[in-house]
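Below: the structure, in structure tokens.
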Amino acid sequence: MTAQEKSLIYNLLNKSDCLFSGKILSDFEQIDFKDDVEFSNAEQIKSQANTENGTNNPATNSKPYFKQSQDIEQAALIKNIALSIAQCTSCVLCKTRINTVPGIGVASPLVLVIGEGPGADEDKTGEPFVGKAGQLLDKMLAAIQLSRKDNCFITNIVKCRPPANRTPLPEEVQACAHFLKAQIDVLKPKMILALGNTALHNLLNTNAGIKKLHGKFFNYQNIPLLATFHPSALLRDESLKRPSWEDLKIFRSRLLEIVPNYQSSYLNGGST
Ligand code: URA
């Protein structure tokens with residue numbers, strides 16, 4: 001194992017500890033890790049081979065390798081948060097859930113999509129937005145070259161299904177809020193798309209309705225956040241489809257300003 005890998009695992013464990021214990025990274029001892037001898041020889045041989053045949057293979061080139069390691073680290077942290085969610089009994093929703101629904105997507109997303117809470121299909125599968133509203137959400141995202149497979153992470157304000165799909169109660173939202181905060185800290189999305197009133201109210205701490213605030217940008221912990229109509233609302237009221245599309249175009253324009261080539265990250269799109 002290389003010193004870099006040892007340090008990565010050590011930092012990963014420490015960060016994970018921080019997310020749940022309130023410690024900060026400087027509380028942990030700094031360790032000067034060393035490469036294992038055999039591995040550093042192998043690395044030397046690989047980099048020599050790359051130099052000799054002029055290849056720039058991401059699997060063996062040290063810079064992309066580090067990028068990949070960061071993704072692995074983020075994915076492991078996200079998995080760890082999901083494990084904590086699975087064990088959570090902080091509110092009554094744990095009594096009626098079949099599965100917790102922590103979220104799904106890529107480990108370094110451009111966009112974090114936040115809905116309200118799981119419905120029946122999501123409770124059954126453990127995956128967010130898989131029912132009719134989810135299929136519409138995938139189409140809305142695809143229209144602006146975003147998808148859960150390529151460049152988004154999708155989650156909810158609460159991670160367990162409220163009975164009969166009622167709006168989550170304030171105490172349920174509060175009990176769950178630290179999970180969303182931890183997810184945002186790890187994922188570091190470039191932008192946030194909030195879906196519907198529950199996401200809007202709880203993220204921006206406002207009582208103003210989505211009809212008033214949709215399509216406008218807000219600053220959420222230094223991340224541009226735009227709220228639009230929840231896909232379930234679009235399924236109930238067709239007339240919201242036009243303003244929803246206008247919101248998505250505004251969202252796309254800002255994303256293009258922040259990440260001009262973001263559409264190149266949309267690879268599998270449409271096949272979600
Ligand atoms: N509605 C939501 O808000 N979230 C889901 O995951 C599914 C439907």
Side-chain angles (χ1 to χ4, degrees), residues 78-79 81-82 84-86 88 91-94 96-106 109 111-143 146-149 151-177 179-184 187 189 191-206 209-211 213-214 220 225-238 240-241 243-244 247-248 251 272:
I78 283 297
K79 196 165 177 192
I81 297 169
S84 298
I85 293 171
C88 180
C91 81
V92 292
L93 298 184
C94 71
T96 47
R97 74 182 176 217
I98 302 171
N99 284 298
T100 50
V101 184
I104 198 158
V106 299
V111 174
L112 177 63
V113 181
I114 306 177
E116 176 179 298
D121 294 314
E122 292 76 22
D123 189 34
K124 266 186 222 135
T125 58
E127 213 180 288
F129 283 98
V130 290
K132 282 212 169 97
Q135 287 157 24
L136 178 56
L137 174 63
D138 284 340
K139 285 187 189 150
M140 291 161 65
L141 295 176
L146 295 173
S147 80
R148 62 181 81 195
K149 280 191 182 163
N151 46 21
C152 292
F153 193 91
I154 300 179
T155 190
N156 284 300
I157 293 286
V158 294
K159 317 298 188 195
C160 298
R161 182 191 182 199
N165 299 344
R166 63 160 169 74
T167 306
L169 302 172
E171 59 269 28
E172 294 158 358
V173 171
Q174 209 193 344
C176 220
F179 290 127
L180 182 59
K181 184 183 177 310
Q183 288 175 320
I184 294 173
L187 295 167
M191 287 178 63
I192 294 176
L193 184 66
L195 302 174
N197 272 317
T198 301
L200 169 70
H201 292 163
N202 291 294
L203 292 168
L204 296 184
N205 204 12
T206 175
I210 191 75
K211 285 204 167 153
L213 296 188
H214 76 95
Y220 181 82
L225 177 153
L226 180 138
T228 191
F229 299 99
H230 193 288
S232 303
L234 302 187
L235 290 171
R236 286 191 301 267
D237 181 355
E238 287 262 322
L240 296 176
K241 285 193 175 162
S244 155
D247 293 347
L248 291 176
F251 191 83
T272 48

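Ligands are counted one by one from 1 in listed order, and the atoms in each one are counted from 1 as well.
Counting the atoms of ligand 1 from 1 in the order shown, those under 4.0 Å from a heavy atom of E116 are 2 (C), 3 (O). Under a 4.0 Å criterion applied to the non-hydrogen atoms of G115, ligand 1 contributes the atoms 3 (O). Every atom of ligand 1 with a heavy atom of P128 under 4.0 Å away is listed here by number and element: 6 (O).
Residue H230 has at least one N or O atom closer than 3.5 Å to an N or O atom of ligand 1. Of the polar atoms of F129, at least one N or O is found under 3.5 Å from an N or O of ligand 1, judged by distance alone. At least one N/O-N/O distance between G117 and ligand 1 falls below 3.5 Å. Residue S232 has no N or O atom closer than 3.5 Å to an N or O atom of ligand 1.
Closest to atom 4 (N) of ligand 1 among all protein heavy atoms lies N156 OD1, 2.7 Å.
Checked by atom type and distance alone, the side chain of S147 never pairs as donor or acceptor with a backbone atom of A142 at under 3.5 Å. E122 contributes a side-chain N or O that, together with a main-chain N or O of G119, makes up a donor-acceptor pair within less than 3.5 Å. A donor-acceptor pair is defined here as one N or O able to donate and one able to accept, closer than 3.5 Å; no such pair exists between the side chain of N151 and the backbone of P109.
Contact record, K159 with F179: CE-CB, 4.1 Å, taken as the closest heavy-atom pair.
For K241, the NZ atom counts as densely surrounded, since its 6.0 Å shell holds more than 12 non-hydrogen atoms of other residues, nucleotides or ligands.
Comment: D138 engages R148 in a salt bridge, judged by a side-chain N to carboxylate O separation of less than 4.0 angstrom.
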